[in-house]
Number of protein chains: 2
Amino acid sequence: MPTSPADSPRSRSGALTADKVIDAAVALTVERGLDNWTLRQLAAAIGAYPAVVYHHVGDRDAVVCAVLDRVVGQLELPDDRLGWQEWFSALLAALREVLRKHPGTARRMAAFGPSVEAAAPTLDRGVRILLDAGFGEESPLAYTLLTATACQFVALEDDRNCSPALRLNNTEEYAGYRQRDDLPGMAAQGRAMHRLLTDPEQAAGYHAKLFDAAVGRCLEGLACRLAQLQSS
Amino acid sequence: MPTSPADSPRSRSGALTADKVIDAAVALTVERGLDNWTLRQLAAAIGAYPAVVYHHVGDRDAVVCAVLDRVVGQLELPDDRLGWQEWFSALLAALREVLRKHPGTARRMAAFGPSVEAAAPTLDRGVRILLDAGFGEESPLAYTLLTATACQFVALEDDRNCSPALRLNNTEEYAGYRQRDDLPGMAAQGRAMHRLLTDPEQAAGYHAKLFDAAVGRCLEGLACRLAQLQSS
DNA sequence: ACCTGAACACCGTTCAAGT
DNA sequence: ACCTGAACACCGTTCAAGT
C-alpha cells in the first residue's frame, strides 16, 4: 500500500499547512537531493495523500520553487566593508555551502533563480557593490556571471556525486594515458587523474578547488574588464 | 496502441542495427532535446519495440552516451597556429554551436563528458596548447575550467529555452523595479531587464553575450594566473 | 540472434466523492 | 475547506515466448 498515509507521523502535530509540506520537502531534499524524491513520497512523509500536496502548495514545480526560496533564505550576506572581490568571494563561498546542503538546488538556481522576492536582498546588495566598484551598466551582467558560475560549478559537483560510478570509470581510463608520450596533452591529463586516484586528500578537495578556480578566474577576469572600462 | 510499431518507417531500410537506433536518437535530440524523448518514443520512431533498443544499444543512459559521442564527433578543431586564447575562443564558439543544435547535451557534457575515446583528440590538443602557453601542471585544470564553463552556459541557455514562460515572468517582475531609487542594485537590474523586454534584438543575443562574457572573463582570468605563474 | 508482446513497479496529475 | 481513494496516461525496464 504505497499510497496509504495510514500510520504516518501526522498523528497530532496540528493541521496540515503549506508550510509543513514545504518543511518536509526541504528535509527530503537535504537527505536525498531535489531530484530524488517524488511527490508521492513527499505526501507519504507527512502522512497524506498526493492530492493534499496539490491542495496546499500545487504541483511538483511549485513545491520545488518553494524549496529554492527556503534555501536562499538561509544565505547570509558578507560584511559591507569588504572590497568587491572579497565580498563576492565570501558570498559565493557561503552560497556553495548552502547549496551543497541541498543537492540538486544549484542547477535550478543557476537557470531560473529563486523568486524575485527571495533574490532581491542579495541581488540589490551585490549589484550595488559592483556599481560602486565602477562596472556601471555592466554591473547586472557581472552579477549574473558570478552567481551563475558559482551555482553551475556546485551543480556539476552535485551531478557527479549522484553517479560516482560513472565518474570513477572515466578517471581510471584517463589515468591509463599518463605515460603516452605520443599524446602529451592526454598524458598530462592522465597524470592529474592518477594523482586524484592515489591521493585521497586531493580527491576530497577536487571540487572545492575547481569551484575556487572558477570563481577566482571569473573575479580576475572581471578585474581586467574593470581596468579596461576605466581606462576608456 | 502506443507501443505498436505497426506501420512505422522500417518497411525495408535494411536490418536494425545499433547505429540506426542512435541515428534516430540523435534526430529526436535535434528536434526536441535530449530530455524530451522517451525510450518508447525512440523505439516507435524506428518502428520497433522498446526491448529491441535494449537489445542493440542498452538502457536509456547507454543511448544518451552514444548521442554525446556523436555530438562531439562533429566538433572541428581550430587552426593550430592561433595563440592559446584565440584557439580556445574559437574552439568554445564551435562547441557552443554544436551543443546548441542538440539541446540538453550540454548539461551531460559538462558533468560527465563524452567517452574518453571521443574526448581524446580535443583534450590532447587543448591541454597541449595550454602546456605550451606555460600553464604547466595547471593545464588540465585550466582546460576543465574552460570547457566546463562553456558547456554550462550553453546548458543554462537550453534550460531557459525549455520553459520560456517562467523566464518571461521573472524578467517582467524585475523590470518593475527599475525606478526604485531606494534599491539602486535592483533598479539597475530592472533597467537591464527592461531593455531586454523592449529591444527584441538584445533579447535574441542575450545568451550569446552571456556566453561570450563567461568565456572571455575565464580566459582573462587565466591570463592573469599565467602571469602570476611566470613571475614566480 | 533478434523480435514480440505483455507485464512490473513506478511516476505526476486529476477528480468525483466524502466530511 | 480539506481529505479520500481511485483513476488516467504515462514512464524505464524485464522477461518468457516465439522465429
Side-chain angles (χ1 to χ4, degrees), chain A residues 1-25 28-29 32-68 104 108 162-163 165-166, chain B residues 1-25 28-29 32-68 104 108 162-163 165-166:
Chain A
M1 60 220 85
T3 335
S4 166
D7 50 347
S8 302
R10 204 190 65 220
S11 29
R12 204 58 319 203
S13 50
L16 204 42
T17 62
D19 256 329
K20 293 194 178 163
V21 174
I22 298 165
D23 285 344
L28 281 176
T29 300
R32 322 184 195 167
L34 190 66
D35 301 316
N36 294 106
W37 51 262
T38 68
L39 200 134
R40 291 170 115 106
Q41 288 167 352
L42 170 60
I46 53 177
Y49 286 86
V52 345
V53 175
Y54 271 76
H55 185 263
H56 285 292
V57 184
D59 63 14
R60 194 183 193 280
D61 205 62
V63 180
V64 165
C65 288
V67 170
L68 282 202
R108 279 283 301 220
C162 247
S163 33
L166 213 154
Chain B
M1 60 219 83
T3 336
S4 167
D7 50 347
S8 303
R10 205 191 65 221
S11 29
R12 204 55 322 202
S13 49
L16 205 43
T17 64
D19 256 329
K20 292 193 181 168
V21 174
I22 298 164
D23 285 344
L28 282 176
T29 301
R32 322 184 195 166
L34 190 66
D35 302 315
N36 293 107
W37 51 262
T38 69
L39 200 134
R40 292 172 115 105
Q41 288 166 353
L42 169 61
I46 52 176
Y49 286 87
V52 345
V53 174
Y54 271 78
H55 185 264
H56 285 291
V57 185
D59 64 11
R60 195 184 193 278
D61 205 61
V63 180
V64 165
C65 288
V67 170
L68 281 202
R108 280 283 299 223
C162 249
S163 33
L166 213 154

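Atoms considered below: every heavy atom in the structure, side chains included; atoms not considered: hydrogens, waters and symmetry mates.
Here the P atom of nucleotide dC10(D) and the CG atom of Asp35(B) are 19 Å apart, to the nearest Å. The interatomic distance linking Leu16(A) (CG) with dA1(D) (P) rounds to 17 Å, in whole Å. Whole-Å rounding puts the His55(A) NE2 to dG18(C) C1' distance at 14 Å.
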Report summary line: Writing each nucleotide of DNA chain D 5' to 3' as (, ), [, ], | or . by Watson-Crick or G-U pairing under 3.5 Å yields ||.|||||...|||||.||

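To the nearest 0.5 angstrom, Ile46(B) atom CD1 is 5.5 Å from Leu42(B) atom CG.
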Identify the pairs formed between an N or O of the protein and an N or O of nucleotides 13-16 of chain D at a distance under 3.5 Å, and give each distance.
unit_1: dT13(D); atom_1: OP2; unit_2: Tyr54(B); atom_2: OH; d: 2.4
unit_1: dT13(D); atom_1: OP2; unit_2: Arg60(B); atom_2: N; d: 3.0
unit_1: dT13(D); atom_1: O5'; unit_2: Tyr54(B); atom_2: OH; d: 2.2

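Residue Thr38(B) places its side chain closer to dG12(D) than to any other of dC3(C), dT4(C), dG12(D). Listed candidates were dC11(C), dG5(D), dC2(C). Nearest to the side chain of Gln41(A) is dC11(C).
Side chains of Asp61(B) and Ser163(A) form no contact here, defined as non-hydrogen atoms less than 4.5 Å apart. Side-chain atoms of His56(A) and Lys20(A), non-hydrogen and from C-beta on, never get closer than 4.5 Å to each other.
The residue from Thr29(A), Leu68(A), Leu34(A), Val57(A) that alone fulfils the side-chain contact (heavy atoms from CB on, under 4.5 Å) condition with Val63(A) is Val57(A).
For Arg60(B), the salt bridge (Lys or Arg N to Asp or Glu O under 4.0 Å) criterion is met by no residue, not counting sequence neighbours.
Here Asp35(B) does not pair with Arg108(B) in a salt bridge; the nearest charged N to carboxylate O distance is not below 4.0 Å.
For dT4(C), neither phosphate oxygen OP1 nor OP2 lies less than 4.0 angstrom from any side-chain nitrogen or oxygen of Tyr49(B).
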Requested in this report: Check step by step if side chain to side chain contact (heavy atoms under 4.5 Å, CB included) holds for Val21(B) and Tyr54(B).
Outcome: CA-CA 10 Å; Val21(B) 174; Tyr54(B) 271 78; over 6 Å; no

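Contact between Ala43(B) and Tyr49(B) at its shortest, heavy atoms only, is CB-C, 3.7 Å.
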